[in-house]
There are 2 protein chains.
Amino acid sequence: MTQPRVDLDTSIGYALKQAAAALRAAMETALRPLDLTVSQYSCLELLGQRPGLSAAALARGTFVTRQSMQTLVQGLLDRGLLERAAEAPEGRALPTRLTDEGTRLLADASAVVAAVERAMVADLAPAGQRRLHADLVALAAALADRSS
Amino acid sequence: MTQPRVDLDTSIGYALKQAAAALRAAMETALRPLDLTVSQYSCLELLGQRPGLSAAALARGTFVTRQSMQTLVQGLLDRGLLERAAEAPEGRALPTRLTDEGTRLLADASAVVAAVERAMVADLAPAGQRRLHADLVALAAALADRSS
DNA sequence: GACGGTATGTCAGACTCCTGACATGACGCA
DNA sequence: TGCGTCATGTCAGGAGTCTGACATACCGTC
């Protein structure tokens with residue numbers, strides 16, 4: 001290895017962090033009027049597309065611990081946006097679903113987030129967007145099993 | 001807008017979050033033996049390449065608030081990795097620099113982080129890496145001034 | 001049946017980071 | 001000179017997330 005250092009101006013990792021931070025900040029701003037945090041929106045969105053997920057599965061899908069997701073889900077339950085089975089149909093996993101109110105709020109939230117995402121990728125051609133998506137998924141896959 | 005919703009399977013925002021989470025987890029694992037958090041490493045790395053930055057400037061460069069950077073810097077000062085001017089040469093900004101020990105630790109940390117980054121982009125050709133970097137910077141730029 | 005491994009839910013504690021607020025110093029402008 | 005604005009450092013408080021631990025439920029193997 002000739003120069004195994006990191007150069008901020010060319011580092012993909014730094015640019016990745018920068019883009020993720022910008023996206024998170026923009027989403028926070030967009031979701032504030034709906035009284036939703038980014039994590040709460042992520043939970044609702046995931047649940048909207050994958051109904052019946054357990055809290056642990058939601059945690060994996062939103063990249064937080066299941067303990068954090070637990071308190072997050074509890075808050076959404078208290079707000080009447082989610083409903084959860086009282087008993088586990090199998091194992092210990094408690095299937096969770098959106099309520100009607102949760103579905104309505106998610107529709108609004110999804111719209112504003114989609115607007116942010118469209119603005120983010122507005123300068124990329126459709127082919128470039130697909131390529132970027134594939135690259136990002138490949139980055140995550142290449143780092144799998146490196147976080148033990 | 002025909003379908004202004006978000007599809008997890010094609011969303012660039014979700015893939016971005018996924019890649020950033022994977023990178024962060026891999027960096028945490030790699031830096032743990034050096035007793036450094038990702039935020040602490042980011043501070044050291046930035047300071048190594050931009051000596052004399054103030055805490056507020058470090059905060060902007062690492063995407064945290066200046067209050068968080070303040071406590072982070074204080075911890076690194078206590079560990080003898082950083083040194084900070086006692087008085088401000090101009091304005092209120094206090095220039096901060098790495099100590100010799102900080103420079104040595106940064107060298108090790110930078111090496112392990114560089115290894116993570118190389119593994120992350122190993123499947124991309126050099127041209128693809130440059131294109132991805134440019135795309136990520138463009139994403140962040142497109143979202144600028146959307147976080148008020 | 002007994003055992004170990006894995007996955008889930010849950011509780012408790014600590015840590016990190018944030019928001020809000022205030023004081024100080026530099027600069028521009030009237 | 002005085003005022004307003006901005007950037008920086010700092011203090012206090014709170015919200016969010018994590019680590020660690022424990023109990024429970026499935027699923028293998030022996």
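Letters go in sequence order (proteins before strands), and every chain restarts at 1.
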Result for 5'-nearest mapping on DNA chain C, choosing between B:Gln40 and B:Gly91, is B:Gln40
Exercise: do A:Ser147 and B:Glu28 side chains pair donor with acceptor under 3.5 Å: no
With a cut-off of less than 4.0 Å, is there a side-chain N or O of A:Ser68 near OP1 or OP2 of D:dC18? yes
Where the side chain of B:Gln67 is defined as all heavy atoms beyond and including C-beta, which of C:dT8, D:dC11, C:dA23 is the nearest nucleotide? D:dC11
Kindly say if B:Thr65 contacts the phosphate of C:dC18, meaning a side-chain N or O under 4.0 Å from OP1 or OP2. yes
Can you check whether A:Thr71 has a side-chain N or O nearer than 4.0 Å to OP1 or OP2 of D:dT17? no
Please determine whether a side-chain nitrogen of the Lys or Arg among B:Arg50 and A:Asp7 lies less than 4.0 Å from a carboxylate oxygen of the Asp or Glu. no
Heavy-atom nearest pair, A:Ala114 first then B:Arg5, reads CB-O, 4.0 Å
Audit row: A:Leu23, B:Lys17, side chain to side chain contact (heavy atoms under 4.5 Å, CB included) steps and yes/no: CA-CA 9 Å; A:Leu23 174 59; B:Lys17 189 173 176 178; 5.6 Å; no
Map B:Arg84 and A:Arg92 onto DNA chain D by nearest heavy atom, then report which one ends up closer to the 5' terminus. B:Arg84
In terms of side-chain heavy atoms of A:Ala93, which of C:dT8, D:dT8, D:dT17 is nearest? C:dT8
When rounded to whole Å, the CD to C1' distance for the pair B:Glu87 and C:dT24 reads 14 Å
To the nearest Å, how far apart are A:Leu82 CG and C:dG9 P? 13 Å
With a non-hydrogen cut-off below 4.0 angstrom, is B:Ala88 in contact with a base, only sugar-phosphate, or nothing? nothing
Remember a base hit wins even if backbone is also touched, and classify A:Ser39 as base, sugar-phosphate or nothing at under 4.0 Å, heavy atoms. sugar-phosphate
Could you state the atom-to-atom distance from CE of A:Met69 to P of C:dA7 in whole Å? 18 Å
Just how far, in rounded Å, is C1' of D:dC18 from CZ of A:Phe63? 17 Å
Would you kindly give the CG-to-P distance between A:Leu58 and C:dG9, to the nearest whole Å? 9 Å
A:Leu72 has an atom CG; how far is it from atom C1' of D:dG16, in whole Å? 9 Å
Could you state the atom-to-atom distance from CG of B:Leu94 to P of C:dA26 in whole Å? 12 Å
For D:dT8, take OP1 and OP2 only and decide whether either is under 4.0 Å from a side-chain N or O of B:Arg60. yes
What nucleotide among D:dC18, D:dC22, D:dG9 has an atom nearest to a side-chain atom of A:Val64? D:dC18
Heavy-atom nearest pair, A:Arg79 first then A:Asp35, reads NH1-O, 3.0 Å
D:dA7 P sits how many Å from B:Glu90 CD, rounded? 15 Å
